[in-house]
Every structure is written in structure tokens, then in C-alpha cells.
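These notes are about the structure you will find just below.
In this text the structure is predicted, and so the values were computed from the model without any measurement. Naming convention: chains lettered A, B, ... in sequence-line order (proteins, then strands); numbering from 1 in each chain.
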There are 2 protein chains.
Amino acid sequence: MSAEAAAQLIPNGCTVGMSGFTGAGYPKAVPKALASRIEKLNEVGERFKINIWTGASTAPELDGELAKVDGINMRLPFQSDPICRAKINDGTMDYIDIHLSEVSQYAWSGFLGKMNIALVEVSGILEDGRLIPSSAIGNNKTWLEQADHIILEVNSGQSSGLEGMHDVYYGTALPPNRKPIMITNPTDRIGEKYLQCDLSKVIAVVETNAPDRNSPFSAPDEVSHRIAGHILDFFKREIEIGRLPPELLPIQSGVGNIPNAVLEGLDAGPFRNLTGFTEVIQDGMLKMLKSGTMTAVSSTAFSLSPAAMQELNDNIDFYRERIILRQQDISNHPELIRRLGVIAMNGLIEADIYGNVNSTHIMGSRMMNGIGGSGDFARNGYLSIFVTPSTAKNGTISAIVPMVSHVDHTEHDVKVVVTEYGLADLRGLSPRQRALKIINNCAHPDFRPRLLDYFERACASGRGMHTPHLLGEALSWHQRYEETGKM
Amino acid sequence: MSAEAAAQLIPNGCTVGMSGFTGAGYPKAVPKALASRIEKLNEVGERFKINIWTGASTAPELDGELAKVDGINMRLPFQSDPICRAKINDGTMDYIDIHLSEVSQYAWSGFLGKMNIALVEVSGILEDGRLIPSSAIGNNKTWLEQADHIILEVNSGQSSGLEGMHDVYYGTALPPNRKPIMITNPTDRIGEKYLQCDLSKVIAVVETNAPDRNSPFSAPDEVSHRIAGHILDFFKREIEIGRLPPELLPIQSGVGNIPNAVLEGLDAGPFRNLTGFTEVIQDGMLKMLKSGTMTAVSSTAFSLSPAAMQELNDNIDFYRERIILRQQDISNHPELIRRLGVIAMNGLIEADIYGNVNSTHIMGSRMMNGIGGSGDFARNGYLSIFVTPSTAKNGTISAIVPMVSHVDHTEHDVKVVVTEYGLADLRGLSPRQRALKIINNCAHPDFRPRLLDYFERACASGRGMHTPHLLGEALSWHQRYEETGKM
């Protein structure tokens, strides 16, 4: 049926599980049609809001359109849309920032209430009713199982070559019935190529033909190059002293220009036969597969530039042998991340001198995007590396502060911090040792003297030498930024 | 040989891996003899310091004695000794607060440098050289494997009935060679009853006959009773609506009077056939085994009162059938905690209105004990419950504050907060919803109006409505306490 007709089937106040992970595999027509319907209702003074659960971020035609018409009551678990973000921060939309690996468990266990409708993009439907997943699996398996009703968008714009790339695992369960997940290598297949679907629950099938949100990445700049260089040097040293194997360990890389640049740096480095165990495949990883630097990647989604998407589609047979797409409760599973010994590399908003990391909040209160899978990977990985330029907003903000204004990754979970100025290896250091290393290796030179001054005065304050702080000043850098426009 | 002779074999500046977990199974003679030796050296102006890695906390005759003579350079991963704490907080001892499940991985992977000596208490040595573990396994397997030299304390004061209670797993490996850990039930045995030991590394065997540090628990008071009551009601409701099975899920309980009181409350409740998957067996769990409320417990150590220790020893055959002691990298393993769906119950120092938890720091700078295993269980468990009286220090400190002064468990990982006033179920709530629930359900009535006032003014500040904060006031409660003696 038409997207408009399908959108009519979504009732006010309901909870919809939508496909979509990092701009891939989200439904492209029905959310837009629903937004139009809501806009018309708004014009006559009626309100219409739904709760939206996804895999992760989607695109303007989903989060953006629905947020614009105030159509979202509650949103989880990750978003990166500017309009959505504005609504969260002005208090008109509730947002629940959950570890991506836990969403499916939350839904299954009933912690979040009932899901009424699953709205899922697929790239095809088999004769027997099984579904060919699209460019992301995300939480689709769970949504199809948990929802009362199902609306499918069949996107013929997705490459038919995606068929066979997926591995949907039907061995999950709620405790006490869980079994070990028998993956010991990123390339292990343990599931099925298709999503099962109870056809009696399908209330609409809508045909679409539209590309994913494929944003170009910025070309790596000098800052990214230097960050990548520090990480390369670090890996080389770790291999030399026998703390990492020559082919490293499976790599997870967060989304964004800097992590992508680090991947490009790795591709240019001396490493071979690398593997990836990650949640998103960006351009950098595709290049590593192409060049042979990387032999295989496990992920739950793509996030590619238009050029890289073309490359993928042009050589889909090559990539299908090297890429496995899994549901996100498997791609991000703590059991697997710990077992495989994943090297987690993620961006941050700010880190403090003691190694606590804020990945989500601007100046302590305003949500940026969300924690995404960074907590899944950093907490249970073998190495957790956080990367950032040393400053933001033309040097007015220091990424290294006395105390972070929000904590997403605690001092216990952050092993390495890297900026363009250097790398701080925090393993085996006490908080005061970490402070000196982070300030001297990572902070921008313009901010170093004041960070050192804070640290030294905190040490001299007599308030306690384990994690010296001056409570009256700890958050003053953020206050100063809000008052003067510079930290 | 004598403890004094063995202590002579420990060189200045070395790293010693000592047994001991929560006051159980620590070496009782050699550390004391070493402290005497250091005291004599101090008297003639010489310094002598070692690095100490343990399982968790030990006892006055280890941490206390060695801290008193300034004999500890660096200490990890958990301590609870008053003298040790004072040295950490005056800056004379470095302390690294690591998740208990990760210590062994850190040591094996070389992240912490070389271990020179393992000093391990055992309860006996077999003819073939294998060791009968004592009342805690902790990191002993790893220390025996990693150290260049081994000193054994054979404690005949430990019950001979401990033999057979242990399950030492030799299937661990560093990535990329890790395999699934095939435990699907807390009672599964996957290892051996004895510790393997390379006899060529043994440089001393010292005989002792001394009890563990067995501190009596306070009798549960009114506050504990009420906290336990709220948790019981919560469990009953979760079972009723089908979100927990009637026998609950494996329980982890932190160390201390309040968690112990919760266990006593559970024992008096309607639940049967419970199991435990925890790091420490306290009096409460022993009683639950005795009464039949609990059928089996997996742990790495005991922490019993003298009376409970007597009960254990008097009925060791009964308890040996129901208790499995594992090494702490298994008892606290993220893979197993996630798979089994552990219900994690831990104490806290303070929580903020948005559900961030501080488990370690007093007023942001001074270390109390350490994170211990609370992060292992809370992060990967099915439910994470944090319990605390609503106030401390005769009502001068509120356990609920606008912003915690240190974060050990982030908003993403804290599912339930409980005080004597009530329980806040934070699952599926946005930060502002959480704030109202925590203030209204958990905060002490004396502090509620001011918490609400802070929250409302933060909401009205225009700084951002996702996690509203007033940066200039967020830590002012702690400052006020330090300046006036009352928050």
C-alpha cells in the first residue's frame, strides 16, 4: 500500500520499533508520511505523538521530520539529528540513552512496556515470507518478534547483493535460559541469512526505492593525521613488547571523521590481516578490506559516503565474503567483546585530568547524540582508546578539563586518551599519575598551564590526595565558557 | 621456614601478588614479619616499599601493618583498611582502583609490569605439589602463574573441609585465543579442585594457624529492614508481572551491613530455590543456604562473622555441596554475569538525582574503599540495584545530591536506587523523570525540598533540559558540608 495509507495504521500514543542504525536501513517513506499526517493534525490544534525505539541514529526523513512536527514523545536509544537534539534539549522530547547492546534485552524483558508496531525496512521478501535484511540489522529481529503488528518497507534501492551478508542469530533467550554464544572469531557465522517474520502480524507492505543517508566524510586533516599517527606508534610499541599480536585484535571504531581518519591511518600503516568487530562499517574500514589490510569485519550496519556506497555496490561479491552483518545485541554483546579482546576506539566530547570521559553532554546539560555502543565496547574491550582534537570551537573549548561535566565512561574503563598532541596510556596509573600524563601529553599547550595550576592547587588544598579536586572550581571552565564564550 | 626468614626473601621495590579477598584467605604471618623488618629499616633512616596486588581487601595484619610502616608504594585493586586509606588520601601511597574481574587480565597481558613474588595462603599442599586453596581464591591462580617466585603460607587454621569446595578453571587465555566459558548455571563446575603450582618457583613455605579477619555484622536496624522491605516488594511485583521468574535470578550482594540485612530480609521473604552468583558469601547468604531459601552459591570468597564461620566449619559437608569458590576472574566475569542475568545489589556512597552513582569517593577527592566488583556486576547484570540509607553522619550528609562528586556507575548502568524511604525504578525513564522519582521516593524528607528546588531552578535556567544542572551549584552541597559540617 502507499506510505500514506500505512501511516494511517499507526495510532496516536503508540510505541513503534523502527529499523535504522547510523543512517542505514531506516524506513524512508512511512515516517515521512506520518509526519505529514501529524502536521495536518497540528494545524487543527490536535496533538499526535508516538514513542520511537530504533537501532541507533536514523536520518532527517525519520527523526528530523517527526521531531519537527513534535511527533515524538519518547525516543531511544541513540539519535544524532539536529531537530531531534533541539527538542530533547528544550524539554519537549524525552530521550533515554541506553547502551545499544541492552536495548533488545530491555524490550524482551518488558522493562520498557509494550511495542505496538514494528516499522522495518528490508531489501526483499522471500516466497516463504522470510525477510532479506537491509543495510543494517540493528534491533530488527527483536522488533519483528516483540511488536503486535508489522509494517514493512521493501526498499529496491538497496543492493540485491546484500542477500547472504547477514547472520541473524535465533539462539538468544532471557535468563535463566541463556546459552554461551559460540563466536570465537569475528568471522564466525552462527545464525541465519534471513529474518523470520510472522506474516499474520504484517499489516502493511510499502515499496520504496531510496538510498540511505550517506554523508561524505571530511578528508582527514592535520589533526586527524596526528591522532592516527600516535595510535599507530602505540600499536607498534605494544606489538614490540608483546602486549598485542602482530595482527592486533579485532577493532571497533566509533562513527565520525576522526575515527574514520584513524582507520585510514591504520590502512597506511604496517599492519596486515586485521579484523573488525564493530557496530558500523565506515569508509575507512571498507578501504582496509579493499587493500587487504583487513581480512574481515563483523558489524550491524554501514555508514558510508556516497562514493564508498558505490564502491560497495560495485564489488558486493568481494565484500560479502568479508563482511558479516549481525543484530546489534550480538555485534555489541559484552560476552563477545570481552572474549574477542576488542580494541575499542571512540570519540569523546571531553575528558578530565583523571581519565573520566564525557561522550554525550555539552556543558553538562545538553545532549549531543548519545552513548551509542561506546560503553559496550569500552567497558568490556581489551583496550579502550578515546580520541579527540585537543580543542573545539576554534580553540575556545578545551577537550581536557579539570572535571568532566558528565560521565559516560569512568576512570575504571578508560585506558588510553589521544589528541593531536599525544597519547596518554593510563593503564596501571593512579589518578595523580594519570593527571600529569593527560595534561602533559594530550591537553592543548594553551590550556596546559591552567590545568597544571588547577591540579597543583587541588593537591595543595588538603582535601584528599587520591583524586585532588577543588569543588568550587571543578566545573568553572564550563561556567566560564557559558559566560564568556571561552574556557 | 619462619615468617621472618621468608620476609627476608622479599626485596625492596618488588611487586608482590598476595592472596586475600574481603578479609579471607590472606597471608597472615609474612606480611607482618615484613612490616617488622621495614620498621627496623625505617628506624635507621632507610626506606623499603613494595607494590602489592591482591584479590580485594585483606586485613589489619597485611594492609594495616604494611601501610603503617610506609611499606606500600602502590596498591591494587581494592582495600578497606583505615591506615591504608589514610596513606592513600595523604598522598603517600598510590592506589589503582580496577574492576576486580579485570585484574587478572591486566596482569596476564603485561599492562602492569612484572610480578616478582606471589605470597599465597593455602589450606594444604598435596603430595604431588598441588595446592588446596584457602577461604578465598581471588587472583591466586594468576599470581602463582605470573610470579617469578612463590612463598606459600599453609594455614592449618583453615577448615580441612574446604577441600573440594573450589573450582579452579584453567581454560582462560589471552585474546585471540579465548573460548566460551561453559557455565550456564551458578552451580556448574568447569575446573579443578586444586591450584597448580610450579614447585621450582617456591622459595619458602611458612606454616600458620590463624583465623581470617571475621568481623561481626551489625544486627539489621530499622533502616536496613525498610530497605530490605522495599526490595522484597519490588521483587514480588516483578514476579507478578512476569519480569522475573519465581526463583528470581542469581543474586550478587555487595559487602557490608546493609546488603547483608537485605539478604536476611530475603531469607524471611516468600522466595525459594534462589541461587547466588557473587564475589563474597556473607552471613546472610549462609543463612539462606541453611534455611533452604537458597540452593547454591558461586563466589570467590567468604566474609563471615565469627559465629557464621563456626556454623560453616561445623557443617562444612552441608555447605560444600552448596558452595563453589571460583577465581575472581570467573566469579566476576562479564560474560557470565550477562548470561546468567545476575541481580546485582550493591551499596553506594551517594547517588545524584539523575541516577549516577558514586561508590568510592568521599566529597569527590578522598578514597573510601574502591569500586571492587560492583562495576562488574552492575554493568553487565540483568538488574543493578543500589542501596543506601538516605543520610549519613547523623543526618548531616544526604545520600542523594544534585550531582555526585565522583562517578563509578553511570546513569546508563544504574537501574534501581533504594533507601529506607523507598525505591526508584529508573528503567525506561528519561533523566528528568528519574530526578523526580529519586527525589520523591529515595531522598530524606529533610533534603527533598532543596533537591526539588535545585531541580526546578535547573530546569528553568535555560541551560538545557536533557539533564538540567546549575554548574555553579552542582557541587555546592559537598562544599557546604566541608565548610559547615552539614550539606
Residue among [options] with most heavy-atom pairs under 4.5 Å to chain A:
| options | answer |
| --- | --- |
| B:Arg427, B:Met367, B:Arg379 | B:Arg379 |
| B:Thr275, B:Leu336, B:Asp97 | B:Asp97 |
| B:Ser101, B:Pro175, B:Gly464, B:Pro431 | B:Pro175 |

> Where is the tightest heavy-atom contact between B:Ser430 and A:Ile96, given as atom of each residue plus distance?
Replying inline: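 Looking at all heavy atoms of both residues, the shortest contact is N-CG1, 3.9 Å.
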
Is any side-chain heavy atom of [Y] closer than 4.5 Å to one of [X]?
| X | Y | value |
| --- | --- | --- |
| B:Leu383 | A:Phe111 | yes |
| A:His333 | B:Arg338 | yes |
| B:Met182 | A:Met182 | yes |
| B:His406 | A:Glu411 | yes |
| B:Arg366 | A:His466 | no |
| A:Leu249 | B:Pro176 | yes |
| B:Met465 | A:Asn89 | no |
| B:Val407 | A:Asp408 | no |

> So, B:Glu102 and A:Lys415, do they make that salt bridge, N to O below 4.0 Å?
Replying inline: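 Judged by the 4.0 Å cut-off on N to carboxylate O distance, B:Glu102 and A:Lys415 do form a salt bridge.
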
>> Can you see whether A:Arg463 engages B:Ser365 through a side-chain donor-acceptor pair at a distance of less than 3.5 angstrom?
In response: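 Present: a donor and an acceptor within the cut-off.
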
[X] [atom1] to [Y] [atom2] distance, which is reported to the nearest 0.5 Å:
| X | Y | atom1 | atom2 | result |
| --- | --- | --- | --- | --- |
| A:Arg339 | B:Arg178 | CZ | CZ | 10.0 Å |
| B:Thr410 | A:Asn358 | OG1 | CG | 11.0 Å |
| B:Asn380 | A:Asp376 | CG | CG | 9.0 Å |
| B:Leu244 | A:Leu174 | CG | CG | 10.5 Å |

> In residues 472-482 of chain A, which residues are in contact with chain B at a heavy-atom separation under 4.5 Å?
Replying inline: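 Interface residues of residues 472-482 of chain A: A:Gly472, A:Ala474, A:Leu475, A:His478, A:Gln479, A:Glu482.
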
>> Check whether B:Arg432 reaches the backbone of A:Gly91 with its side chain - one donor and one acceptor, N or O, closer than 3.5 Å.
In response: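 Yes, B:Arg432 side chain to A:Gly91 backbone: donor-acceptor pair under 3.5 Å.
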
>> With a 3.5 Å distance limit and no angle check, can you tell me whether B:Arg243 reaches the backbone of A:Gly110 through a side-chain donor-acceptor pair?
In response: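 Yes; judged by distance alone, with no hydrogens or angles, the pair exists.
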
> Heavy-atom distance under 4.5 Å to chain A: side chain of B:Pro180, backbone, both or neither?
Replying inline: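 B:Pro180 touches chain A through backbone and side-chain heavy atoms alike.
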
Below 4.5 Å, heavy-atom pairs only: which of [options] has the largest tally toward chain B?
| options | answer |
| --- | --- |
| A:Gly341, A:Gly364, A:Pro334 | A:Pro334 |
| A:Ile88, A:Leu112, A:Val342 | A:Ile88 |
| A:His361, A:His409, A:Glu247, A:Met74 | A:His361 |

> What class does the angle between the rings of B:His99 and A:His412 fall in, given that below 30° is parallel, 30 to 60° is tilted and above 60° is perpendicular?
Replying inline: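 Judged by the thresholds at 30° and 60°, the geometry between B:His99 and A:His412 is tilted.
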
> Partners of B:Lys114 by salt bridge (Lys or Arg N to Asp or Glu O under 4.0 Å), sequence neighbours excluded?
Replying inline: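 Here the qualifying residues are B:Asp148.
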
>> Taking the six-membered ring for Trp, are A:Tyr106 and B:Tyr382 closer than 6.0 Å centroid to centroid?
In response: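 No, the ring of A:Tyr106 stays outside the 6.0 Å limit from the ring of B:Tyr382, centre to centre.
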
